[in-house]
Amino acid sequence: MKQILLLLSLVFYFAGYAQYDSSLDQSEKVNFLQIFAEVSILPKSKTVRGEVSFQFESLEQLDSIFIDAKDMDFSEVLLNGKKVAYTNDRSRIWIKTAFSSKKEYLLQLKYVAQPKQTMYFINWNAPKDPNLSKQVWTQGQGKNTSHWLPSFDDMTEKVIFNLTFNFVKGYQVIANGELIRESAVNDSIVQWEFKMEKPMSSYLVAVAAGNYSKKTIESNTNVPIELYFEPKDSLKVEPTYRYSKQIFDYFEKEIEVAYPWKNYKQIPVQDFLYSGMENTGTTIFADSFVIDSTAFIDQNYVFVNAHELAHQWFGNMITETNGKHHWLHEGFATYYAWLAEKELFGEDYFYWKLYESAEQLKELSDSGKGESLLNPKASSLTYYQKGAWALHILKRLIGEDNFKQSVKNYLLKNAYSNVTKEDFLREVEETSKMDLSAWQKDWLQQSAFQGTEALASLKRSGFITNYMELAPLRETPVSVKKEYLAKALDFPVNEYIGQEAVFQLSGDSSQESIALYKKAFETNNTLVRQAIAVSIEEIPAQLKADFIELLEDESYITKENTLLKLWMQFPEETELYLSKTQGIQGFQNKNVRLLWLVISLVSPEIASEEKEKYFNELSGYTSASLPFGLRQNAFGYLFQINAFTDQNLLDLMEGAQHHNSRFRSYCNSLLDRLLKEEEYRVKYVALSNTMEKPDLEFITKRLQN
Ligand SMILES: [Zn+2]
């Protein structure tokens with residue numbers, strides 16, 4: 001049986017491989033030059049209607065060509081202006097006719113689609129509320145742009161895209177390229193025309209639409225950088241986009257290759273699938289990074305900002321041939337983002353990032369799950385962080401100048417085309433004249449992480465050496481190591497070493513510990529003080545006053561942890577803590593506000609009419625039109641106080657079918673948990689009487705389990 005299974009899996013493997021190859025074949029037989037698309041987006045019905053023209057040249061005699069098009073219907077298909085035979089297999093449209101060698105063609109398609117993925121419609125059918133974000137946005141990588149625009153799933157097919165959109169009046173539309181025209185079609189529709197000059201792969205096509213304003217800045221080389229925001233977030237623009245110009249200018253200087261596109265736009269969107277996506281010239285990112293100054297220390301956009309911008313060279317200007325070379329995108333983008341952060345925040349910060357990622361990679365490797373960088377199914381940790389480490393070690397090996405020269409040659413020689421790791425290694429070997437076989441074996445091929453080599457490299461930092469003297473003392477009693485801990489908290493404190501010292505006090509309530517906590521408070525370093533709030537198990541009465549002061553610190557993590565611990569330990573003064581934190585929201589998930597509401601709800605001092613108001617507020621945050629991070633936080637608290645309303649239960653069901661997979665799986669686990677209890681089963685059965693088809697089917701199935 002086992003052998004039959006093995007044989008079967010081999011057959012599938014080769015079948016899959018052959019299919020993959022046939023698409024590669026087309027990019028060698030047909031040269032697609034330009035795409036002109038006019039796309040009408042109808043957000044209420046989640047529909048797109050479009051007309052697309054493909055300019056291409058057949059490089060040999062062919063009897064058919066294809067365009068990827070998922071679940072699309074075509075009303076007109078013309079080749080060089082004439083009707084042509086085609087088949088639509090719901091994944092591709094095949095044009096079946098004799099194509100001559102070395103001849104140019106123009107293919108025109110009229111289509112309609114209701115994309116199931118890749119294009120997402122936020123809040124277009126929600127109740128009217130000026131505070132709600134109404135948006136449309138796309139995510140092409142891993143999701144296939146061909147769900148809303150006939151295009152190419154194969155990354156090696158690079159084409160010049162000229163995109164025109166028709167969209168509801170009163171919103172901003174942002175897409176790849178230069179906006180060359182914005183004009184009214186009629187009273188309710190505006191047309192937006194974008195133009196590109198250089199080719200790109202289809203997965204990098206993007207469009208976002210919403211109620212956006214923008215702030216435009218310029219790089220030192222006069223590239224316009226457009227920073228988009230919703231008007232309600234106008235006070236958050238500076239902290240959100242802090243250092244954008246510095247990062248841009250740093251990359252152009254460090255890489256020594258000019259930014260490869262005409263402009264750069266960044267757009268925050270609600271309920272995004274990931275942190276950010278580097279669509280060509282048009283980064284789309286999660287609006288949980290839209291922050292105020294207080295949140296900056298805990299949850300800023302700087303790394304993602306730098307990472308997505310680095311991709312504009314590494315990924316967009318030069319693109320992997322296939323997933324086997326994915327570290328050429330993610331390893332480079334991660335390493336250059338770390339370099340940008342080093343420029344902004346200094347060497348210690350850089351080495352701390354290297355150290356943290358080495359720890360994670362070593363843990364993965366020690367548990368036998370280490371992955372080669374060349375494994376096409378490797379995890380993000382491998383592609384991103386091991387990839388960055390491989391480059392860091394390579395730079396040490398060949399020297400800074402050789403490294404820079406190799407990267408520059410690699411980019412310039414392969415500009416606007418596709419690459420494999422050989423293209424990069426060739427440049428490194430030519431520039432450095434060094435034998436790279438040992439590095440290749442250790443860092444590209446080996447599945448184990450080279451911990452010893454990484455450690456030797458980390459020890460070049462005096463800060464890491466100091467940190468590593470302290471870290472092994474975690475199990476040592478405080479009474480034995482107190483001098484070391486005191487030294488670690490000396491002025492001026494290094495925040496990572498200071499935090500480590502505080503973490504090592506956790507669980508110890510001796511007088512020696514209290515004296516050290518006092519010293520940690522007095523460092524006045526926000527992160528060291530945050531470490532106290534996060535890690536202390538029981539607040540000694542002598543430190544209560546210092547704790548109350550932590551409520552004023554400029555960190556929402558500190559505020560949240562402090563409020564919770566003070567309330568749990570000294571409930572008699574709850575009203576004082578509540579008054580000190582009244583009105584504070586916190587991150588996008590309102591971490592401080594929700595805790596505040598819950599404490600108010602369970603405190604006997606609060607009047608019942610106030611409680612009703614607070615409960616309605618908390619309960620309202622599960623609404624399907626709000627960002628999923630906030631909804632998730634609200635569901636969590638409602639579960640803890642066991643107080644779901646019917647509307648919360650309906651919102652949870654909606655969440656269990658949400659497009660964001662992290663949120664969806666959270667809601668599904670919670671729903672499963674609730675359905676184990678008779679009380680909630682009865683409620684869902686009652687609710688199902690008023691439900692219509694997709695929801696009714698969904699809950700009926702779940703109730704049967
Ligand atoms: Zn990336």
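In listed order, ligands and their atoms are each counted from 1. Computed from heavy atoms alone, side chains included, the values below leave out hydrogens, waters and symmetry copies.
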- the Zn ion (ligand 1) is nearest to which N, O or S atom of Glu330? OE1
- Please find out if the Zn ion (ligand 1) and some N, O or S atom of His307 are separated by less than 2.8 Å. yes
- Message: Could you identify the N, O or S atom of His311 positioned closest to the Zn ion (ligand 1)?
- Response: NE2
- Message: Against Glu341, only a single residue in Phe303, Tyr250, Phe350, Tyr336 fulfils side chain to side chain contact (heavy atoms under 4.5 Å, CB included); can you say which?
- Response: Phe303
Would you be so kind as to tabulate the donor-acceptor pairs closer than 3.5 Å made by side chains of residues 448-455, with sequence neighbours excluded?
| residue | atom | partner | partner atom | Å |
| --- | --- | --- | --- | --- |
| Gln450 | NE2 | Ala448 | O | 3.2 |
| Glu453 | OE1 | Trp443 | NE1 | 3.0 |

- Query: Are any side-chain N or O atoms of Trp137 and backbone N or O atoms of Met119, one a donor and one an acceptor, separated by less than 3.5 Å?
  - Reply: no
- Message: Using the salt bridge (Lys or Arg N to Asp or Glu O under 4.0 Å) criterion, which residues pair with Glu193? Sequence neighbours excluded.
- Response: Arg181
- Query: Short check: any N/O/S atom of Glu308 below 2.8 Å from the Zn ion (ligand 1)?
  - Reply: no
